[in-house]
J.: 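What follows is a structure written as structure tokens; I'll ask about it next.
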Protein chains: 2
Amino acid sequence: MKALSRSKPVTIYEVARHAGVSIATVSRVLRGTAPVAEQTSARVRAAAQALHFTPNRLGRSLAEGRHAANGIVFPDLVGPYYAEVVLGYEEAASELGSSVLILATGRRRDAAAAVVELAGRVDGLVIMGNTVDDATAAGIAAGGVPVVLLAREPLAGIDTIRTRNAASAKVLAAHLVEHGHRRIAFLGDPAGSPDVAGRFAGLAAGLRAAGLPAPEPVSCGLETAAGEAAAAVLLDGDRPDAIVGANDEVALGALLAAAAVGLRVPDDLAVTGWDDVLAARFAGLTTVRQPMRELGATAARWVHRRIAERTADPNRPLAPARRRILPTQLVVRRSCGHHGTPGGS
Amino acid sequence: MKALSRSKPVTIYEVARHAGVSIATVSRVLRGTAPVAEQTSARVRAAAQALHFTPNRLGRSLAEGRHAANGIVFPDLVGPYYAEVVLGYEEAASELGSSVLILATGRRRDAAAAVVELAGRVDGLVIMGNTVDDATAAGIAAGGVPVVLLAREPLAGIDTIRTRNAASAKVLAAHLVEHGHRRIAFLGDPAGSPDVAGRFAGLAAGLRAAGLPAPEPVSCGLETAAGEAAAAVLLDGDRPDAIVGANDEVALGALLAAAAVGLRVPDDLAVTGWDDVLAARFAGLTTVRQPMRELGATAARWVHRRIAERTADPNRPLAPARRRILPTQLVVRRSCGHHGTPGGS
DNA sequence: CGTGGCGATGAAAGCGCTTTCGCGATCGAA
DNA sequence: TTCGATCGCGAAAGCGCTTTCATCGCCACG
């Protein structure tokens, strides 16, 4: 177990020579793909162990014609939303025998190039929300790499999984109206992400249905600080009854802004968010819970299925694109208004 | 841009044939590694685009002898801690030209095998906290794959990066004592993770230094629910003045448990955590902030450096193992006791 | 004893790409 | 016009592994 500074990386040839067999035999022993005499087998295993042999996946993958790896592309991991989705993805993917490559497009400008590069490293790819343009995504799919879109507008011929943003927003709108709120503002940038767009559209539709005018969205980023700043502006003057945050971070920012100017929630102002992050519970924030792990896990399974389909029969025409919308759940707490019974935990 | 169901994946040979050149020329054009006549170059690019050619990274990596990918192993992504570390890692690694493979050992039992397998896919590897046993980690390093340990006890000959858990805990202990707390309980399992062990040890040392008896740790998981349950038991009877949670989730659980039995924080009970998650701010929780992204980014850079060293001169003996301890910061809020000025934001 | 059959093993052909080597062709200078 | 120097490009050798295909003993059976 001494950490020798060996000059050459250990290959299957080394092991073969050390054990006095051919590389074919080494492969068979290590993979267990064919019967090998017990004695030989033992020699090979001993050699592999002695040399700390770790097979190079590149060789294997190249020979097998598959990476045994999938990728997932997301904007970032700030806040629990993407982290949970990625975790759900990783769990499911690794159960299906694939390693997971991640790519955060976050603040990089060469996102498209990075995603294309990633596509060359994987058997299949999940692309989330607001990361790359449609042309890039479509191009990758056309190039033969199965793609699944997540929390994003569908594209022709590509599988898509989303949550019920618009519908949840309608439910939320109705709930707010029921509480007597009339002037409702939306904090978030519909152009910034498909999720936000759906939420805003649903909210607007819900308010219209109640005979109220659709609100103008107040554009802001998805972090607490951005929400706080935007809310501060909004609350300084002719303020609304309720603020619907594009996500919980933004809504929590709105709570801070309200506290800063001495407004009481929910008496003076209602606030709601999206995602049910841990902090929402402690802030008493009404929010919409999304099945984040489930989103990730479903995406992993879908990618896997596409890969399997193609492997089974590369010439068969592709099955039509699948669509799925996962349900969400309104979590009512005290920030949206007083309820008969005290708000749930 | 029609999504043809092509039977064969596009290789460099296809492109070469389509453009009427040799594969060498295609490679040169696409990599830009050697001068190619403008006219030829244009033909090749056109062919590549027409065929949606995405070079297969396996071929390239095998030829180049490097994966251009690094891996990071962590327990899970629940809570912001690991997510932030991973994000910091991804950012730094991709800036250095490496893709990132992730592996969550979470609830799997074949963690060691999975990590070894991962080691065969990468040029270097970061192993976090409580994921695999020392022998596995050491074996991988001995096999020639550069390894960096993160938030984990050092091993001979392997680079290690940690945070100042014990020292921060001492500061925290002093602060609690200063508030007049005497009976201080620790919520967490020191055997469960090196971080927790360090925090407990530091707390115990700090209390000893103040002439107080070292507390027994109350073992519990790292989730809110676990903290709540453990705290509930702890508070039912001869209760402590203060509870130090192994992380914020646990501490938040303790807050819930306290509220459930009508205890006021901080008047009846002080509570502190670790990590400064978003919820801590809204719960007014005193906590210790860790440089999470910085941890990840530093790890990425160290792995990169090791790889570069080895590539530059494979025969040079390895530089001695490096150690680094990143600083933490005590974030005082109201949950630890009353302060002259109201607790920070 | 002679064979067909089978289990164990080795030789070698790729997988898709990069890169060295070398060969014509073209160019500048004498 | 001629000769060495470039330049542009193709041929081919790997990179580490899996996987036919062939071979070689060895056994049981006739």
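The analysis underlying the following values was restricted to heavy atoms, covering all of them including side chains, and did not include hydrogens, waters or symmetry mates. A note on names: the letters A, B, ... follow the listed sequences, proteins ahead of strands, and every chain is numbered from 1. Predicted, not measured: the structure shown is a model, and the values here were computed from it.
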J.: Just to be sure I understand the rule, does A:Ser27 reach a base, reach only the sugar-phosphate, or reach nothing, if contact means heavy atoms closer than 4.0 Å?
T.: base
J.: Donor-acceptor check, side chain of A:His52 to backbone of B:Ala142, threshold 3.5 angstrom: yes or no?
T.: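 Not at all, since once roles are kept as given, no pair shorter than 3.5 Å links the two residues.
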J.: Any carboxylate oxygen within less than 4.0 angstrom of a Lys/Arg side-chain nitrogen, looking at A:Asp159 and A:Arg306?
T.: yes
J.: Which nucleotide span of DNA chain D, 5' end to 3' end, has atoms closer than 4.0 Å to non-hydrogen atoms of chain B?
T.: D:dG8 to D:dG16
J.: Starting from the 5' end of DNA chain C, give me the residue, A:Val36 or B:Arg31, whose nearest nucleotide shows up first.
T.: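 First, find each residue's nearest nucleotide; the 5'-ward one identifies A:Val36.
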J.: Using a heavy-atom cut-off of 4.0 Å across all strands, would you classify B:Ser61 as base, sugar-phosphate, or nothing?
T.: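 The residue B:Ser61 makes no contact with any strand.
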J.: Quick test of your reading of the model: are A:Arg57 and B:Glu117 salt-bridged, counting only N-O distances below 4.0 Å?
T.: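 Yes.
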J.: Just call it for A:Ala37: base, sugar-phosphate, or nothing, with non-hydrogen atoms closer than 4.0 Å on any strand.
T.: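 Sugar-phosphate, no base atom in range.
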J.: Would you say A:Arg66's side chain and A:Ile307's backbone share a donor-acceptor pair under 3.5 angstrom?
T.: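 Such a contact is absent between A:Arg66 side chain and A:Ile307 backbone.
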J.: Output the rounded distance in Å from CD (A:Glu38) to C1' (C:dG7).
T.: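 Nearest whole value for this atom pair: 15 Å.
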J.: Round to the nearest Å and state the distance from B:Arg66 atom CZ to C:dT19 atom C1'.
T.: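 Atom CZ in B:Arg66 sits about 15 Å away from atom C1' in C:dT19.
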J.: Between A:Glu153 and A:Arg162, does at least one N-O distance fall below 4.0 Å, as a salt bridge requires?
T.: yes
J.: Does B:Glu91 come within less than 4.0 Å of B:Arg301, counting only side-chain N to carboxylate O?
T.: no
